[in-house]
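Note sheet for the following structure.
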Amino acid sequence: MTNSPIGSTLNRVDGPDKVTGAARYAGDESPTGLVHGHLVLATIGNGTIRSMDTGAARDHTGVLEIYTPDNPLPLHGVPPGVAFYFSETRRPLSDHEVRYHGQIVGLVIAETPEQARDAAALITVDYERRPANASFRDNVDDAVVPEPTPLPMGLPITILADGVPSIDAALAASPVTVTATYTHPARHHNALEPHAAVATWDGDRLTIHSTTQAPAAHAIELAQAFAVPADHVHVVNPHVGGGFGGKAFTWGPTYLAAAAARRLGRPVKVVPTREQLHTTTGHRSAAHQTVTLGSSADGTLNAIRHLSVTQAIGEDPGTRLTMKAYATENLHVSLRVTTGLNVPTTTILRAPGEETGSFAIECAMDELAIELGLDPIELRTRNHLTHTLSPDPATRLPYSNKHLIECYRLGARRFGWDTRNPAPRSTLATGGWLVGTGMAGAVLNASRAFTAVRVSFRPDGTAAVATSTADLGTGMRTVLAIMGTDSLGIPVDRIRPLIGDSRLPVGPDAVYGAQGSAATATVAPVVRDAAADAVEELINHAVTEPRSPLHGRDGVRYTAGDLTDGATTIGFGDLLTTTGGTDVGATTTSGPVTPPSYAFASHAAHFCEVRVHRLTGEIRVSRMTTVVDAGTIVNEKTARNQIVGGVVWGIGPALFESAHVEPDTGRIANANFADYLVPVNADVPDVDVVFLDHPDTNFSPLGARGLGELGTVGSAAAVANAVHHATGIRVRDLPITPEKLLTTPTGQA
Amino acid sequence: MRPFTYASASTVEEALAGAGADSAYLAGGTTLVDLMKLEVMSPAAVLNIDTLPLRDIRHDHTGLHVGALARMSDVAAHRLVTARYPVISQALLHSASPQLRNMASIGGNVLQRTRCGYFRDPATACNKRTPGSGCAAITGYNRAHAVLGTSESCVATHPSDLAVALVALDASVLLRDRAGERAVRLADFYLLPGDTPHLENRLRPGELLAGVTVPPLSWARRSTYVKVRDRRPYEFALTSVAAAVDLRGDTIADVRLAAGGVGTKPWRLPAVEDALRSRPLRADTVKAAVTHAADDATPLSHNGFKPELLRRTIVRALLTLAGRP
């Protein structure tokens, strides 16, 4: 019997393929007859296309067709649903209006990508220009309450203790209050792999190699756009080079690739450039949040008011984060959204709402701790949330297996928090670097969906574990290999994980993919169920197949790859070779217990040390410790990778990341990797990650809650709190760049 | 990218003979290829000079001589450079990334084009790229742009770190054409934009930058390059300062200072140098000396911090040389 590898540090099973280049991504596919598309984007922020001169491009060598609003490609509209709220509802080329700089206004198809790109550069567009309204900040005051949707976002929530008339009254009655406004710029996913699509039609059947987080949902969205049955669309995406929410839904370039392929009767590949990705595949909304905390003198929170403004309900800090953060008798969260901005479409991005919300709340808690003269950990511990917050006390559920306080304490010990001098600007290190430390808590809702997994035995002695999810670099293949080994008792190298294909098993709602930090939590428990069913099928096969040496026997059982009745033992590979069985197994669907008697969330505590140069204000993160409470850890190596990646995704917005949107044009001035700064290796210290080991068996028998986005929640606040401790300067407008630190706390240069 | 012809030269003479009115020399390719892909530059002919014998790094009584095709990485690591001109080594190591430094040449570095995002986007107005089209940077996003030496036509910075160090050290570039070779002080080689920002330097059509000469400066052993930026590596300077000090006891006998990230060309700071000579190298004297370092600055909407950051960067560079940053 092979020992279960759950919790081990197994290397990625697809690691060698990735480092040798053997892994094939969507853009690597080049079917026979392939032609290439290059997008043409609008160079104004608002207006109407009067005409487009495509003559020179048409005459360019190799050009086959040019699609524009005058020669559009047919696409059916987006039906109401999650994609309707989180992606672009207007189809590309469907009218002559330009709503934002970088909107798709054309697609050039040519025999080679170079020809398509060169020809695209020859197209000129005559616009009737209108002033663009592209400044988020200028529109904050005019933001409106969003239209109600079927989604649990965007809705105001008010909770008041008995006899308290309003949140304002609760705050007014609080002995201590802090209030502050925190702002985030718009940001971009910038997955390393661009949104590549290679589409081939056979009659009304589409095969598309396309980078997506959710192959089955992608197939449905494409089927809707082309009005064909969903099973006529076959999505193939064995590897995905990063998603972060940007590949959760289907975007214009992919629709156009498929539409052009259908029209031309040839396979079409479209791979947007890095610059084009910034405007055609969604981005994270800017955010403007005002938080007021009211507490007693001893630090017990009495009231929290969190007023947010974003560009769309996909970024809702209050309901996504604040509702799950701290205990309070009185709470009000609300969201308003801007309207009519001439900027590209927003969508979800890693920890949507939680990331922005955690920055506001965790910085505000730091500010309150300073106001009260309390240690930030002590303040958080005093306001530990044990039950969900809800306007109806009867619906409050206890949090299952929550160990956030242990995260604080263990992290504090590892980090050396207790020796910290709490006074800001108190430590100066060699070279003129001010040293500061900060911390923050993190909470991420733990969800689990219904999904289907097929486990099957093969004559070559391997077992397939198949489900229609994706590996974005998250380690899903390795998770399936581990769970297969755990369930079947055979070595990892005999498990064949199969993912990244819309035709593999999916759950009843058929949309489940790698998103919401729930892929492992969803899929892993089902592998066990499917494996048990598959073993039952295998035993049935062994006793009913006439050629089986176990035919007709009683008491046949399965152990570690062998079947035996005590007298005769045969490995399943030999059995299937003998019987001619090819793929004996079971497809099993399972999911969470409903209605739940607990609330589920993963938690973490981040500790950060920064160095800020006393003269020139550069900020360097020098240490990070993150302690994670996410239940069972299926593979410590890939889990650590997720948390470290999440922490990097906190350092990014804290110090570097920002779309520089020109207010008058809506053009993103830094839509490239030289100017859109993300942390590079030298900006990230060796992150100390520790996992608590408290399996949450209320959540699933396996006990593994999700953690993919958890590292991103709160980590930017830990950095900002450390910067404040180092300098005495509180920067509430991200990113924190050197020029914001060229003063002393008194404002003197 | 527009179609172009491609040829390789194996001698300097061949390169000079092969250069035409609409041709571009190709060395490491780290700027030219980029700009051709963006259609910012579209030469009709590309002439590869990368294998020409211009890679020597040597030192004699007339100074340090670096061939134009020496790699940035080789110069940065060369013992002559690290020992005698640490400011050059540091400026190079603070530039680009290891991969780029392994490819990029010294000549190409000195001649690199600005990183202004409007210059690099043909859909926007840029007088440097398309004379007379206007300057989108002045009203656009201009945090990284220049505050010194700007004009109403152009506010783009010169991006080279190396050039800042070389200007501080009074280096010259050697320019060769079919008529012969001439040396031009680097500080004079670069042109201010005025109303002709497309003219960036004194290189004549077809002329080849063959090398760089740094005159002897024994006290350049006490020199440093401080580069301020958001990200630790791989970003152009918000501000940078190349500094060398001739320290006699506590007193500054002589000093060289030049700044990057603030000017439309590498910016020598003679007034600050004058204010420092014969003064003690101390925080108070240094702070007093930098007061007027950026008096001529014309800040734009997003880079108003640059004069103050420049003053602080100078202070930091000098205090670093004093061992008290």
Side-chain angles (χ1 to χ4, degrees), chain A residues 41-44 61 101-102 114 117-118 120-122 125 273 275 430-433 613-621 651-652 655-665 667-684 735-743 749, chain B residues 1-3 34 37-39 42 96-98 115-118 120-124 136-137 139-144 159 226-236 238-241 283 286-287 301-320 323-325:
Chain A
L41 304 188
T43 56
I44 65 164
T61 311
H101 199 287
E114 293 81 7
R117 184 173 178 149
D118 288 356
L122 299 174
V125 186
T273 65
E275 180 178 7
T430 317
W433 294 92
H613 201 275
R614 68 179 181 92
L615 289 170
T616 46
E618 300 109 297
I619 307 134
R620 307 291 179 237
V621 178
I651 295 173
L655 303 181
F656 308 118
E657 289 191 54
S658 170
H660 303 316
V661 182
E662 296 173 3
D664 298 336
T665 67
R667 177 178 174 275
I668 299 168
N670 59 337
N672 59 69
F673 266 150
D675 299 316
Y676 184 92
L677 300 185
V678 296
V680 295
N681 284 330
D683 295 308
V684 182
I736 308 172
T737 48
E739 64 264 41
K740 296 175 184 174
L741 301 174
L742 295 187
T743 58
Chain B
M1 190 180 278
R2 298 291 110 198
D34 239 23
K37 282 184 180 172
L38 295 168
E39 303 210 344
S42 44
S97 66
R115 299 297 302 198
C116 171
Y118 301 92
R120 293 171 66 86
D121 179 358
T124 63
T139 54
Y141 187 77
N142 48 39
R143 175 175 180 252
V226 173
K227 182 174 179 180
V228 178
R229 46 188 162 171
D230 307 292
R231 192 157 69 179
R232 193 166 184 178
Y234 201 42
E235 189 185 353
F236 290 88
L238 290 171
T239 60
S240 68
V241 166
V286 167
K287 282 179 184 168
S301 41
H302 301 109
N303 67 4
F305 64 92
K306 281 200 172 185
E308 172 64 14
L309 187 58
L310 171 62
R311 288 188 286 269
R312 288 161 171 255
T313 311
I314 302 168
V315 171
R316 182 171 160 193
L318 291 167
L319 294 182
T320 298
R324 296 188 298 274

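If you're wondering where the values come from, they're calculated on a predicted model, not measured in any experiment. A, B, ... follow the sequence lines: proteins, then strands. Residue 1 opens every chain.
Closest approach of B:P325 to A:L615, counting heavy atoms only: O-CD1, 4.2 Å. Between A:L742 and B:E308, the shortest heavy-atom distance links the atoms CD1-CG, 4.3 Å.
For B:T139, the side chain to side chain donor-acceptor pair (under 3.5 Å) test picks out no residue, with sequence neighbours left out. Considering only residues two or more places apart in sequence or on other chains, A:E662 meets the side chain to side chain donor-acceptor pair (under 3.5 Å) condition with A:T665, A:R667, B:Y118.
Contact of B:T124 with chain A is made through the side chain alone, with heavy-atom distances under 4.5 Å.
For the atom pair B:F305 CZ and A:T743 OG1, the distance stands at 14.0 Å (nearest 0.5 Å). Taken to the nearest 0.5 Å, the CZ atom of B:R2 stands 4.5 Å off from the CG atom of A:D118. Taking CG from B:L309 and CG from A:L741, the interatomic distance works out to 11.0 Å, rounded to the nearest 0.5 Å. Atom CG of B:D121 and atom CD1 of A:I668 lie 12.0 Å apart (nearest 0.5 Å).
Looking at B:R143 and A:E739, their side chains come closer than 4.5 Å, going by heavy atoms from C-beta outward.
Among A:G432, A:P679, A:G431, the residue with the largest count of heavy-atom pairs under 4.5 Å with chain B is A:G431. Contact tally against chain B (heavy-atom pairs below 4.5 Å) for A:A682, A:P663, A:A671, A:A669: the top residue is A:A682.
Remark: the backbone N or O of A:V680 is not paired with any side-chain donor or acceptor of B:R232 at under 3.5 angstrom. No donor-acceptor pair under 3.5 Å is formed between the side chain of B:R229 and the backbone N or O of A:E618. In this structure, B:R231 contributes its side chain and A:V678 its backbone to a donor-acceptor pair below 3.5 Å.
Salt bridge B:R120/A:E275: absent, no basic N to carboxylate O contact under 4.0 Å.
Applying side-chain hydrogen bond (donor to acceptor under 3.5 Å, both in side chains) to A:T616 and the options B:R312, B:K227, B:R316 leaves one that passes, B:R316.
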